[in-house]
Amino acid sequence: VHQLNVYPNPAANGQALTVEANSNKSFTGQISLFDNTGRLVQSFNKDFVQGANRFTITPSNLAPGIYIVRLSGSDVSINRKLVIYWTQLL
């Protein structure tokens, strides 16, 4: 994987996130979210193909704060910072 984008960023708690990755080979991997203490919060198993990949994930029950989104698998590990904020529905 030579490119990883996560958006929107910042995102509201419960908002769907788009994860885009360009890969030079096919593999099965994970998209994981870690909180600011390094604790694994949620993980999503995904099959990546050679070329462009786009996934939608919807993390739930995340407290406002800074998280790390990690794409890992098949000798690759890439991190991106993600900010989650709280919104109240009126």
Side-chain angles (χ1 to χ4, degrees):
V1 174
H2 50 88
Q3 183 179 354
L4 175 63
N5 296 312
V6 180
Y7 59 90
N9 190 4
N13 182 34
Q15 183 175 12
L17 300 172
T18 299
V19 178
E20 293 180 339
N22 285 319
S23 178
N24 49 4
K25 63 179 178 178
S26 298
F27 67 96
T28 298
Q30 288 188 324
I31 299 170
S32 304
L33 277 77
F34 296 87
D35 67 13
N36 62 355
T37 67
R39 181 178 63 94
L40 176 64
V41 178
Q42 292 183 15
S43 186
F44 305 87
N45 294 320
K46 299 292 181 182
D47 291 321
F48 293 82
V49 297
Q50 183 175 0
N53 294 269
R54 178 182 285 178
F55 303 105
T56 299
I57 61 172
T58 306
S60 57
N61 300 321
L62 298 180
I66 298 174
Y67 292 81
I68 297 296
V69 177
R70 177 176 295 156
L71 186 159
S72 59
S74 185
D75 48 323
V76 64
S77 181
I78 299 177
N79 296 336
R80 293 292 180 262
K81 189 186 307 184
L82 172 67
V83 176
I84 297 292
Y85 62 90
W86 183 258
T87 60
Q88 285 187 324
L89 299 177
L90 300 176

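Basis for what follows: all heavy atoms, side chains included, without hydrogens, waters or symmetry-related copies.
The backbone N or O of T28 lies less than 3.5 Å from no partner atom in the side chain of N45, so there is not a single donor-acceptor pair. The main-chain N or O of L62 is found under 3.5 Å from a side-chain atom of N13 such that the two form a donor-acceptor pair. Between the side chain of S26 and the backbone N or O of Q50, at least one donor-acceptor pair lies under 3.5 Å.
Transitive grouping of hydrophobic side chains (ILVMFWY, heavy atoms separated by less than 4.5 Å) keeps V83 and W86 in distinct clusters. Hydrophobic cluster membership is shared by I78 and V41, with clusters built from Ile, Leu, Val, Met, Phe, Trp and Tyr side chains linked at under 4.5 angstrom. The hydrophobic clustering, which links ILVMFWY residues whose side-chain heavy atoms are closer than 4.5 Å, places I68 and F44 apart. Note on Y67 and I57: same hydrophobic cluster, where clusters join Ile, Leu, Val, Met, Phe, Trp and Tyr whose side-chain heavy atoms are under 4.5 Å apart, directly or indirectly.
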Take V69 and L17, measure what side-chain contact (heavy atoms from CB on, under 4.5 Å) needs, and give me the verdict at the end. CA-CA 11 Å; V69 177; L17 300 172; 5.5 Å; no
For K46 and V19: C-alpha separation, side-chain torsions, deciding distance, then whether side-chain contact (heavy atoms from CB on, under 4.5 Å) applies. CA-CA 11 Å; K46 299 292 181 182; V19 178; over 6 Å; no
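Between the CD atom of Q3 and the CD atom of E20 there is a distance of 7.5 Å, given to the nearest 0.5 Å. The distance from atom NZ of K81 to atom CG of N36, rounded to the nearest 0.5 Å, is 11.0 Å. To the nearest 0.5 Å, atom CD1 of residue I66 and atom CG of residue D35 are 11.5 Å apart. Here the CZ-CG distance, from R39 to L33, works out to 11.0 Å after rounding to the nearest 0.5 Å. We find the CG-CG distance between N5 and N22 to be 8.0 Å, quoted to the nearest 0.5 Å.
Between N53 and S23 there is a side-chain heavy-atom pair separated by less than 4.5 Å. Using a 4.5 Å cut-off on side-chain heavy atoms (C-beta onward), L82 and R80 make no contact. In this structure, V76 and F27 have side chains that are in contact, with non-hydrogen atoms separated by less than 4.5 Å.
Taking both residues in full, the closest heavy atoms of V1 and A21 are given as CG1-CB, 4.1 Å, listed atom of the first, atom of the second, then distance. What you find for Q15 and P8 is that their closest heavy atoms are NE2-CG, 3.3 Å. The two atoms that bring T58 and G14 nearest to each other are CG2-O, 3.3 Å, heavy atoms only.
Between F48 and F55, the two ring planes are perpendicular [angle over 60°; tilted spans 30° to 60°].
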